[in-house]
Amino acid sequence: MDNKMNNLLNDFPILQEIVNDEKLVYLDNAATTQKPRQVLDAIRNYYEHDNANVHRGVHTLAQRATEQFEGVRQKVADFIGANNPQEVVYTKGTTEALNWIAASYGRTHLHAGDEIVVSYMEHHSNLVPWQQLALQTGAKLKYIGLTVDGQLDLKNAQQVITDKTAIVSLCHASNVLGVINPIKQVTRLAHQHGAIMVVDGAQAVPHMPVDVKELDVDFYAFSGHKMLGPTGCGILWGKKELLNEMPPLEFGGEMISNVGLYQTDFKAPPYKFEGGTQNIAGVIGLGAAIDYLNEIGLDKIMKHERRLVEYVLPQLTAIQGIEIYGPKDPRQRTGVLSFNLTGVHPHDLASALDMDGVAVRAGHHCAQPLMKYLGVSATARASFYLYNTQTDADLLIRAVLDAKEFFLNGSF
Amino acid sequence: MDNKMNNLLNDFPILQEIVNDEKLVYLDNAATTQKPRQVLDAIRNYYEHDNANVHRGVHTLAQRATEQFEGVRQKVADFIGANNPQEVVYTKGTTEALNWIAASYGRTHLHAGDEIVVSYMEHHSNLVPWQQLALQTGAKLKYIGLTVDGQLDLKNAQQVITDKTAIVSLCHASNVLGVINPIKQVTRLAHQHGAIMVVDGAQAVPHMPVDVKELDVDFYAFSGHKMLGPTGCGILWGKKELLNEMPPLEFGGEMISNVGLYQTDFKAPPYKFEGGTQNIAGVIGLGAAIDYLNEIGLDKIMKHERRLVEYVLPQLTAIQGIEIYGPKDPRQRTGVLSFNLTGVHPHDLASALDMDGVAVRAGHHCAQPLMKYLGVSATARASFYLYNTQTDADLLIRAVLDAKEFFLNGSF
Amino acid sequence: MALSKLSNLYRQVIMDHAKHPHNNHELDRADHEVELRNPTCGDVLTIQLKIADKTVIDAAYTGTGCTISQASASMMTDQIKGKTIAEVEQMVLGFSDMVMGKDVPDQTKLLGEASILQSVAQFPARIKCATLAWKAAYQAIEESESND
Amino acid sequence: MALSKLSNLYRQVIMDHAKHPHNNHELDRADHEVELRNPTCGDVLTIQLKIADKTVIDAAYTGTGCTISQASASMMTDQIKGKTIAEVEQMVLGFSDMVMGKDVPDQTKLLGEASILQSVAQFPARIKCATLAWKAAYQAIEESESND
Ligand SMILES: Cc1ncc(COP(=O)(O)O)c(C=O)c1O
Ligand SMILES: Cc1ncc(COP(=O)(O)O)c(C=O)c1O
């Protein structure tokens, strides 16, 4: 770990928290990440010096707030390689972004008989909106299968994606398997068949460099809270032509251009989608999170996570009775590790780890179809981020061994 | 001003801000309010000690976060006199809440020929969703008129609301006229005709005690950021029976109970509406704002604002060329004062006031139909809140006089 | 070490019930059956009851779950057999109060062996696991009453 | 006092144009008409142009607005008369840069009297007021070109 990575622990006071008499080892980053001082300071500074409602105001604070709020659009665009800040729509998070694509683009473009393609590894947020769209339009929902080591089955994708396909929607990285999907290849395939490509980037943008132009995707969604930013703020990015032709879904506030008694004209994107007062402080916090990530560099963060996985994966695999899901090759995955210990329910395992201060998640991770596909009812999941260390990895391994001893041999 | 009211200035550091070399006089509270230290501390504390994703986690932080997040539901219910915390749905704000009522309740309950009734004083957020619903369902949108001094015309309401009416939706207090509407009477009328009553409480909840049970309304919406809380978090309250029968609109995350490949079961309200990670820190900040408001007392806040209006209204009226919109009687209004100065465009007036550090808003205030009804293209608006003082009122008057001198006599 | 705290939750009796659960099978000819799901972890539990003369004459369960939910189902099915519907309702409410950390009068008398699950109150994330079986039984009984 | 700062924005020339605007009427037989709205304040401005030989031979406007938008429309209609379409396009881009605070080469030569609106750059909330007329003219010209 180089120096910058080392010092950053000081930026996250919560990592000093004592939990059940042990120092916190936070390994639930796929659910939400911790926030550095810089982000918390940005939010506080905004509220203490500039807070006002945006766009509508002539006075100085309103102007300051508007500049900061709009400035983040450019930051986001640069961060994901987008052409144009006007393609950046603020949302509540990934879930809202994906729902808006389905409910706005989907409902105005899909017809009975069209097909929507997802995979078995999707988060409910990238699945249930498409199920509903299928039910509403008469379109058909189809699934791309996975290979035995938990990768997207590209051969199967070539069969599932056909000229009937109107939309393909995939996660860029899985929140359970940790696998990184070959978005560029699937996008090419989708476009060859005249379909648009939607990407759920919730588990990718925080952990690796992402360039929507290079990937050539049509829509890309992600959440601020999973990338050091505040809760309640995420991004829907879409190609301008597509955003232009989409009807807005939430009406009122700044999204209008002219309101008559019975009819209303809307603004151009992104504003037409942003009905009502937005999460202004959240957006400004997200801007600070992007600054923070850029300062370190997504390359470095990716390498750091990979090194941790290379370190911990063999040790975890070596524990008898442990099954790990997803690719064995650390280069094909992010810092998300899902596993089970034979004879111990993941809920019990997570409670045991919590007693050692180790925070992991247990359950279906909002991916019930994947659980069925894997033939399990739940898994435990440890997920690493830039502030996790080898010591954290060691403590995870020790806690798993302790728990195994406790539950399987009853000795403590 | 009693002592508690006096001391509270210390809780709002931004009120010491210097703007254009003058001390800030913040009179744009109808757009958004400032936040006390207590709210900012609650947000920071949450992020520094408890931050985790809610509901899904076994580990200690997830549990702490969930308890706080769910605890605010009870606080909100108590604050507005609701029966049951399960009737409290978290939203992005008033706009989202009203849109959800229209898009979920409205689309599943309205038919061609049904009527939706609003008034001419509605904010776009309580107007455009109903316009769209009317366009989508073939229902008819009707308007209740106003009396000459800007009150809801109750006689007209009795004509407009008929057995054809399915939904009546009114603001509890107007963001332009400052007038407080007789919600209880209109609700009785609506119910007599078998219609449901929706209330936009964005400008009421921050400024007066509100009791949804006593008002007997069916839905009530408001925004945290207008009541000392953070941006990006508001409330949709609805009667349990109505929430039960409403389909959710945003799918994914914690709102599901069971996800199959092609079909999904949803949880009970409020959870079924809360797709994706919510604005957790925002909700916790809103809880702190409610604590702060309760500590002072909504009665006291209402009296304080009324005293300021009683003080400033006659002085403003006395300025030649000033026209004030809305009721002349301070007891019929909140601390929102909209006005125009003959010969000076409100934008120019607001720029001039800003030079004196006085922050007011100028424009249509997201109420274009009301502007047309009043026969103006825009107004200036000063809106007071609990931290404003008589000095602020004096500075407003002086600034208006200065501006008048500057624009009309060209002397400076 | 820290795991010793775990034994507050996982008492020996609880571990025994989870490893060798009682009444973990299907009833033939059950009068009432309720399937409940812990939506957080995906666990599914099915409770079956035979009811006659407003009395639970047999109870069993099937399904997968963690130690706490299995042990709780095992203990509950033991405890409610032979109780009247009114008594079972009391037990469910008492159990729910107990794991929420509230005082329950005559707790041991009311809940029998299941009162050992009181320790769950210190592990709030596990309350849903402990109450799942009891909620299902409550629903089954409500069903039986509305059928009367 | 603080209002003296206001005179940075509201120069005498600007005030004069707003009070006695030029070209504030309808053209008969305009070739191109564009109505634009400042959605924040509800102000509406209609620009009318007569274009011949790729040259603006007449320009006028109607509509209500604040001092800045009125003065800007008044000055703009003065300045673009007699200019070629290409020149007007340059002027609009230059004006937009100027009020955003950017350096514009030969600003006074390019924009004439309208260059006094440079002061708007210090009042960012008013930029939209200043640019409204210019945006409308730009759209009118684009229309004229796409009709060719
Ligand atoms: C009366 C009224 N209704 C609705 C709204 C919309 O609230 P928000 O922008 O928080 O969604 C506002 C605030 O602008 C308002 O004043
Ligand atoms: C892959 C994936 N997609 C979507 C989501 C939903 O994100 P959010 O809850 O922020 O809307 C998540 C996070 O839970 C995720 O991991």
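Sequence lines set the chain letters: A, B, ... in the order given, protein chains first and strands last, and positions in each chain run from 1.
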Could you walk me through whether His345(B) and Asp43(D) satisfy the side-chain hydrogen bond (donor to acceptor under 3.5 Å, both in side chains) test, starting with their C-alpha distance in whole Å, then the side-chain angles of each, then the deciding distance to 0.1 Å, before giving a yes or no? CA-CA 10 Å; His345(B) 190 282; Asp43(D) 289 347; 3.1 Å; yes
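- A 4.5 Å side-chain heavy-atom check between Ile68(D) and His347(B) finds every atom pair outside the cut-off.
- In this structure, OG in Ser377(B) is found 10.5 Å from CZ in Arg37(D), a value given to the nearest 0.5 Å.
- Across Thr67(D), Leu6(D), Leu9(D), a single residue satisfies side-chain contact (heavy atoms from CB on, under 4.5 Å) together with Asp348(B), and that is Thr67(D).
- When all heavy atoms of Ser351(B) and Tyr10(D) are compared, the closest pair comes out as CB-OH, 3.8 Å.
- If you run side-chain contact (heavy atoms from CB on, under 4.5 Å) between Lys5(D) and each of Asp356(B), Asp354(B), Asn20(B), only Asn20(B) comes through.
- When all heavy atoms of Met15(D) and Phe407(B) are compared, the closest pair comes out as CE-CD2, 3.7 Å.
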